[in-house]
J.: 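Before I ask anything, let me first share the structure, which is written out below as structure tokens.
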Amino acid sequence: MTTYPHSIRLETEQQQFLTILSREDALARFQAALFPRSVPSETRALADALGLPLSEDITAPIDVPPFDRSNVDGFALRAADLMSASQARPVQLTLNPESITCGTLPRFPVLGGSATPIATGGPLPRGADAIIMVEHTHPVEANSIEVRRAVSPGQFVSSAGSDMAQGEVLLRAGTVIGSREIGMLAACGIAQVAVARRLRVAILSTGDELVQPGEKLRPAGIYDANGPIISAAIVENGGEAHFLGAFPDDEAGLEKAMREALAAHDVLILSGGTSKGAGDVSHRIIDRLGKPGIIAHGVALKPGKPLCLAVCDDKPVIILPGFPTSAMFTFHDMVVPVLRRMAGLPPRVDAQVSAQLPFRVPSELGRTEFVMVSLVQGREGLAAYATGKGSGAITSFTQADGFVRIEALSDHLPAGSQVPVTLFTPQVRVPDLVIIGSHCTGLDLVIGELSREAVSVRSLAVGSLGGLAAAKRGECDLAPIHLLDPSTQTYNTSFLSDGLELVPGWRRMQGLVFRLGDARFEGRGAQEAVQAALADPECMMVNRNQGAGTRILIDQLLGLARPDGYWNQPRSHNAVAAAVVQKRADWGVTIAPVAHAAGLGFTPLTQEHYDFALVSDRRDKAAVQAFLAALQRPGTHAALEKAGFTSASRPGVD
Ligand code: AMP
Ligand code: MG
């Protein structure tokens, strides 16, 4: 049997996920191990009870209103006295010698033929059974009024207990307290209520690589995103988050932290270290923390397969996967329902909309898959673009409007299908301007100008050809493109179809990047430098993915050569620069602004045209006009030039 150094154990040697449960099965088993249970309760002042569910029914301790009261400013009287009153036969009533305001107790009864002035909210005097509005009376001398209409008994009177009667159930246990409930309770004089106590949730991140935001990132370090994400998501779901920090993958240290956290909290949530790899220790500790221990380790979810669900001495212990997006989805899908039920809160209801998928979305058979999507307004309803960049990408969360869930039994969703999208926000927010196509850091500068004018912009990076297709379907206003037509050696124009027109953008210089001081490249022309690199067997390149404009240039430079590093094919300009900076490669091809920002040496190759295909019938849209104006502004040109681009609409540029 092959033996590996102890620190690099291969998959075959690891304890594998032998029993993977379906999402539904894992959730059912987890719930069965935790419920039924009583919801922990505490008494809180009314003002501090907002958002919490009541733990018991509340009955009205008094009648509201506590006495019969007037609803208007007017006169308390006996309806019978006005039975025959009319325009032709006015009735005169003598005023009693008092005026009833709010908070004063009447002293004189209303006898037949008399009336008492009363303010809105004033208590009805003895004998009175109706109120007439002051507008419907005429003063006669100092102490009488004349009335020319009849009133019905009870008119403008709210009788005692008509709003809430003493002993009536006002609010049922489980009702979540909002401002309306607070108003109702205050009206009955209730100052304190028994509510479900907020769950105290301990959060721990694990991983030798983790660095807290605000601290300096060391080489091979990763900022701890899960700690803040999970803490915030717990608060969003009515819990109390206690973030205890990030812990290295050290079994003894982690076990101590987990024991202490579990003793002092209702729930323990960890992230990372749940794959069954050599450095992954937390799941091994769980079984020592209490019974029954692990309920599910390995769930058929994508992202999120390594999720581990456990119950230790009646408390849930959860290990979320390390990748932030996986941690988020598994938290919302598998943990939130349990936390809310434990806290006596109603299940979460997220808004959904229906949208059409412009592309086929493949999915792994046997796993419930979550695909994040961005929504744009198409000609016939909403279109949902998948934004996922893989389970490690956190940015897709802020670019996405929601997600589509693909059930385990389905291996894809066809292009053109209409699907339900669960929204991250209560409503769909369709942006003013939609840009779909190739991305460029220069574009961020123009979009930045627009944000200052309060124009909301959605920019989706799907490549030049994807952008053109979206423009033809009317799903975007502008498609940024940089496509070279090899037959004419011109950029972009020949790719436009009917209904699209070209708006000049800027030029980007493509070139060879290398570390400053590398004699193989410095001071040499591009062709010569590549020959020097190919001649040196120690020299390592970094390539680009098939389909990238940059790749075409690299292939032209290399001819038939396949030097070391050829198969390293990252998908972005920045990844090429990072590989060279970090010495994983010695040379590659990227654009000048990226090379300069990374502090690399740069030998120019060719200038690429980055332009916009504008959907002609969108030209008059205010947001499109704002974009075109921003593109023309001298300030924008200056910002583009400063970042290393050459503005196409600048005089003198071809
Ligand atoms: P693990 O499950 O520990 O193997 O982690 C899987 C991936 O998620 C690794 O790339 C980790 O660096 C990353 N990761 C783990 N924990 C965190 C965290 N708290 N914040 C950001 N990334 C993390
Ligand atoms: Mg880890």
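Remember, it's 1-based here, ligands and their atoms both numbered in the order they're listed. No hydrogens, no waters, no symmetry mates; every other heavy atom, side chains included, goes into these values.
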J.: Among all the protein's non-hydrogen atoms, which is closest to atom 3 (O) of ligand 1, and how far away is it?
T.: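 Looking only at protein heavy atoms, the one closest to atom 3 (O) of ligand 1 is Gly273 N, 2.7 Å.
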J.: Side-chain donor-acceptor pair under 3.5 Å between Asn237 and His332, yes or no?
T.: no
J.: Could you tell me the residue and atom name of the protein heavy atom closest to atom 21 (C) of ligand 1, and the distance to it rounded to 0.1 Å?
T.: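 That would be Tyr223 O, 3.4 Å.
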J.: When you measure from atom 10 (O) of ligand 1 to every protein heavy atom, which one gives the shortest distance, and what is it?
T.: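 Minimum-distance protein heavy atom for atom 10 (O) of ligand 1 reads Phe323 CE2, 3.5 Å.
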J.: So for atom CZ, which belongs to Arg562, do other residues, nucleotides or ligands contribute more than 12 heavy atoms lying within a distance under 6.0 Å?
T.: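 Counting neighbours around CZ of Arg562, more than 12 heavy atoms of other residues, nucleotides or ligands fall under 6.0 Å, so yes.
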J.: Would you list the pairs meeting salt bridge (Lys or Arg N to Asp or Glu O under 4.0 Å) in which at least one residue belongs to residues 258-274, sequence neighbours left out?
T.: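 Passing the test, one end in residues 258-274: Arg197-Asp266, Glu255-Arg259, Lys256-Glu260.
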J.: Do Asn545 and Gln569 have side-chain N/O donor and acceptor atoms under 3.5 Å apart?
T.: no
J.: Nearest to atom 5 (O) of ligand 1 by heavy atom, Gly227, Gly322, Pro324, Pro213: which?
T.: Gly322
J.: Using heavy atoms and a threshold below 4.0 Å, how should the contact between Asn226 and ligand 1 be classified: side chain, backbone, both, or neither?
T.: both
J.: For atom 19 (N) of ligand 1, find the nearest protein heavy atom and state the residue, atom name and distance (0.1 Å precision).
T.: Asp224 OD1, 2.7 Å
J.: Which atoms from ligand 1 have a heavy atom of Ile222 less than 4.0 Å away?
T.: 21 (C), 22 (N)
J.: Just jot down the side chain to side chain contact (heavy atoms under 4.5 Å, CB included) partners of Ser231, sequence neighbours excluded, or say none.
T.: Ile203, Ala241, Phe243
J.: Could you tell me the separation between the OG1 atom of Thr206 and the CG atom of Asp224, rounded to the nearest 0.5 Å?
T.: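 So the OG1 of Thr206 and the CG of Asp224 are separated by 9.5 Å.
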J.: Among all protein heavy atoms, pick out the one at the shortest distance from atom 11 (C) of ligand 1; state its residue, atom name and that distance to 0.1 Å.
T.: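 Of the protein heavy atoms, Glu209 OE2, 3.0 Å lies nearest.
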J.: Among all protein heavy atoms, pick the one closest to atom 20 (N) of ligand 1 and tell me residue, atom and distance.
T.: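 Checked against all protein heavy atoms, atom 20 (N) of ligand 1 sits closest to Ala225 N, 2.9 Å.
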J.: If you count the atoms of ligand 1 from 1 in the order shown, which ones are under 4.0 Å from a heavy atom of Gly272?
T.: 2 (O), 3 (O)
J.: Is the centre of the Tyr610 ring less than 6.0 Å from the centre of the Phe645 ring?
T.: no
J.: Look at ligand 1 and say whether Gly207 reaches it with a heavy atom at a distance under 4.0 Å.
T.: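 Not so, Gly207 does not reach ligand 1.
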J.: If you compare all heavy atoms of Lys583 against all heavy atoms of Arg515, which two are closest, and at what distance to 0.1 Å?
T.: CA-NH1, 3.6 Å
